[in-house]
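None of the values given here were measured: they were computed from a predicted structure. Computed over heavy atoms, backbone and side chain alike; hydrogens, waters and symmetry mates excluded.
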Amino acid sequence: MSVAPSIAIPSPQRRGACPTLEAPMQTGDGLLARLRLADGQLSPTQLGAIAKLAALHGNGQVEITARGNLQVRGLTPASTAPFAAAVRASATIEQGLVVETPPLAGDDPTELSDPRGLAAAIRALAAPLDGRLGPKVTVVVDGMGQITRAGLKADIGLTAIAPGRWTLTIAGQPQAEFDAADAPAAALAVLHQLAERGLAARATDLIEGTALSAQTSSATIGQFKVTMGSATGIALPFGASDSAALIALAARASQMGVTELRLAPHHALLAINAPAEFVREATALGFITDPADPRTRISACIGSAGCASGHIPARAIAEKLAAFLPAGGDLHVSGCAKGCAHPRRAALTLVGQPDGYGLVINGTAGDTPESVLRADQLESALGPSGQGRR
């Protein structure tokens, strides 16, 4: 499919971030609120404040998603409004079309092109389509630097291939190349086609035989060079942390002179110009600071600790099994057969069942388990003799 050239391009209309939160979603442990922070940036003080609000109005569980969004769990119908008001008072929240750029966009000396201007132009042009596009429609504009979003699912992608030159993809399928001046209109043409199809439309509806699929993208843990100094990436184990640990992390960061944090893909936070001691403090608090940490190769949903469908406390089990994961192997611990945390295949998948743990080898949580294990059999199943055993 090519981008339809007959669609009229609306005149740019600037808009500010709307100070509201996304509609909370009901889960097994209450309401879940996703916070789209402006540009994915916040100060340690703001992080600490949000963590405190999560404990005050929710159950204290805070998550960073695979895309780098912040989520707070366990809200109630009565606590949602005061939580939202308090968050609005402490941080700027975005609403409308999701247009994502890498967390180091504009500050990454290795990126081919700065994607921020292009992203802003798309947001402005798409403003008249507010309310006509589905809430999950996503545009990714990637300058291709040290940390990219190119491997994440997107309805529309604009990827830098040279300074000022971009490739347009629809549902991951390359379509055409554009100069920076023409790329926003090309993206808008696709958005108009989606809007015409209704709120349920996704890019896969425009190209037959495709599906939005995620690929491997760049790591976010470790040290990165940026124009203003450095960025230190740490990750939340399995994408989650309790408020106490985040409050302590934010306090340590402030004490060490860190003034800026950035949310990043793969459940990560980037601390700008953090001293080496920050890594030691984050490690002591239980965060992932080493790219070789086996927890980076484990996907786990909240399971029975916060999902009505979950049969097992998936994250607690994943934490216990991390030390037994074979080098190079990956593990998916799923509370049920839906496999929300990792829809793709994994070398080993443990699926919660009413009678135990289903073991799937080189498959997904929805596949038929090859065996059902008891709790005392889990560690041996991950060992060299257990991995791949049929």
**Q** For Ala154 versus Val140, what's the shortest heavy-atom pair and its separation?
**A**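 Looking at all heavy atoms of both residues, the shortest contact is CB-CG2, 3.7 Å.
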**Q** Nearest 0.5 Å please: distance from the CG atom of Asp293 over to the CZ atom of Phe287.
**A**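 Asp293 atom CG to Phe287 atom CZ measures 13.0 Å (nearest 0.5 Å).
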**Q** Does the Arg123 side chain pair with the main chain of Val99, one donor and one acceptor, at a distance under 3.5 Å?
**A**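 Yes.
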**Q** To check you understand the geometry: which heavy-atom pair defines the closest contact between Leu125 and Ala185, and what is its length?
**A**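 Where Leu125 meets Ala185 most closely, the heavy atoms are CD1-N, 4.3 Å.
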**Q** Give, for atom CD of Glu281 and atom CD of Gln255, the distance between the pair rounded to the nearest 0.5 Å.
**A**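 The CD atom of Gln255 is 8.0 Å from CD of Glu281, to the nearest 0.5 Å.
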**Q** What are the two closest heavy atoms between Leu263 and Pro103, and how far apart are they?
**A**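 Smallest interatomic distance, heavy atoms only, reads O-CB, 3.5 Å.
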**Q** Is any side-chain heavy atom of Lys320 less than 4.5 Å from a side-chain heavy atom of Glu379?
**A**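 No, their side chains stay 4.5 Å or more apart.
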**Q** Show which side-chain atoms of residues 297-309 pair as donor or acceptor with protein atoms under 3.5 Å away, not counting sequence neighbours.
**A**
{"unit_1": "Arg297", "atom_1": "NH1", "unit_2": "Pro326", "atom_2": "O", "d": "3.0"}
{"unit_1": "Arg297", "atom_1": "NH1", "unit_2": "Gly329", "atom_2": "O", "d": "2.4"}
{"unit_1": "Ser299", "atom_1": "OG", "unit_2": "His342", "atom_2": "ND1", "d": "3.4"}
{"unit_1": "Ser304", "atom_1": "OG", "unit_2": "Ile312", "atom_2": "O", "d": "3.3"}
{"unit_1": "Ser309", "atom_1": "OG", "unit_2": "Lys338", "atom_2": "NZ", "d": "3.3"}

**Q** Under the side-chain contact (heavy atoms from CB on, under 4.5 Å) rule, what do Asp130 and Gln95 come out as? Steps first, then yes or no, please.
**A** CA-CA 10 Å; Asp130 278 355; Gln95 193 177 1; over 6 Å; no
**Q** Going by ring pair (Phe, Tyr, Trp, His ring centres under 6.0 Å), name the pairs with one or both residues in residues 98-120, residues two or more places apart or in two chains.
**A**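 Checked against ring pair (Phe, Tyr, Trp, His ring centres under 6.0 Å) - neighbours excluded - no pair reaches residues 98-120.
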**Q** Apply side-chain contact (heavy atoms from CB on, under 4.5 Å) to the pair Val72 and Leu53, showing each step before the final yes or no.
**A** CA-CA 9 Å; Val72 171; Leu53 291 172; over 6 Å; no
**Q** Should Leu359 and Leu350 count as side-chain neighbours, where that means a heavy-atom distance under 4.5 Å?
**A**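 Yes, close enough: below the 4.5 Å cut-off.
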**Q** Just by distance, do the side chain of Glu111 and the backbone of Gly106 share a donor-acceptor pair under 3.5 Å?
**A**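 Here the side-chain-to-backbone pair exists.
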**Q** Looking at every heavy atom in both Val258 and Pro275, which two are closest together, and how far apart are they?
**A**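 Heavy atoms of Val258 and Pro275 come nearest at CG2-CD, 4.3 Å.
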**Q** Yes or no on salt bridge (Lys or Arg N to Asp or Glu O under 4.0 Å) for Glu319 and Arg295, after CA distance, side-chain angles and deciding distance?
**A** CA-CA 7 Å; Glu319 183 72 37; Arg295 291 175 293 177; 3.7 Å; yes
**Q** Roughly how far, to the nearest 0.5 Å, is the CD atom of Glu370 from the CG atom of Leu348?
**A**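 Between Leu348 CG and Glu370 CD, I get 10.0 Å after rounding to 0.5 Å.
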**Q** Can you find a heavy atom in the side chain of Pro44 that is under 4.5 Å from one in the side chain of Leu261?
**A**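 Yes - at least one pair of side-chain heavy atoms lies under 4.5 Å apart.
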**Q** To the nearest 0.5 Å, what is the distance between CG on Leu331 and CZ on Phe324?
**A**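 Here the interatomic distance stands at 12.5 Å.
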**Q** For the residue pair Asp39 and Arg116, establish whether any side-chain heavy-atom pair is separated by less than 4.5 Å.
**A**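 Asp39 does not reach Arg116 side chain to side chain.
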**Q** Testing the basics here: between Gln146 and Lys225, what is the closest heavy-atom pair and its distance to 0.1 Å?
**A**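 Shortest heavy-atom separation between Gln146 and Lys225 comes out as NE2-O, 2.6 Å.
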**Q** Can we say Asp330 and Arg344 salt-bridge, meaning some charged N sits less than 4.0 Å from an Asp/Glu carboxylate O?
**A**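 Salt bridge between Asp330 and Arg344, a charged N being under 4.0 Å from a carboxylate O: no.
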**Q** Ignoring hydrogens and angles, tell me if any N or O in the side chain of Asn273 forms a donor-acceptor pair with the backbone of Ser230 under 3.5 Å.
**A**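 Answer holds: yes.
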**Q** Between Thr349 and Asp367, is there a side-chain heavy-atom distance shorter than 4.5 Å?
**A**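 No, every pair of side-chain atoms sits at 4.5 Å or beyond.
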**Q** Using a strict 4.0 Å threshold on nitrogen-to-oxygen distance, state whether Asp155 and Arg202 make a salt bridge.
**A**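 Between Arg202 and Asp155 there is a salt bridge, with a charged N closer than 4.0 Å to a carboxylate O.
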**Q** In Å and rounded to the nearest 0.5 Å, what is the CG to CZ distance from Leu70 to Arg36?
**A**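 It is 13.5 Å, given to the nearest 0.5 Å.
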**Q** A side-chain contact here means heavy atoms from C-beta on lying under 4.5 Å apart; do Val351 and Tyr357 qualify?
**A**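 Val351 does not reach Tyr357 side chain to side chain.
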**Q** Nearest 0.5 angstrom please: Gln193 CD to Asp205 CG, how far?
**A**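 Rounded to the nearest 0.5 Å, the CD-CG separation comes out at 11.5 Å.
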**Q** Are any of the side-chain heavy atoms of Leu321 and Leu378 separated by less than 4.5 Å?
**A**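 Yes, close enough: below the 4.5 Å cut-off.
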**Q** List the atom of Gln46, the atom of Ser90, and the distance in Å for their closest heavy-atom pair.
**A**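 Between these two residues, the closest heavy atoms are NE2-O, 2.7 Å.
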**Q** Answer whether the closest heavy-atom distance between the side chains of Ile93 and Leu35 falls below 4.5 Å.
**A**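 They are in side-chain contact.
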**Q** Give the other cluster members for Leu270, using side-chain heavy-atom distances under 4.5 Å between Ile, Leu, Val, Met, Phe, Trp and Tyr residues; answer none if it is isolated.
**A**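 Hydrophobic cluster check, Leu270: joined to Leu104, Ile147, Phe224, Val226, Met228, Ile272.
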**Q** Tell me, with the steps shown, if Leu194 and Leu129 meet side-chain contact (heavy atoms from CB on, under 4.5 Å).
**A** CA-CA 10 Å; Leu194 290 174; Leu129 297 179; over 6 Å; no
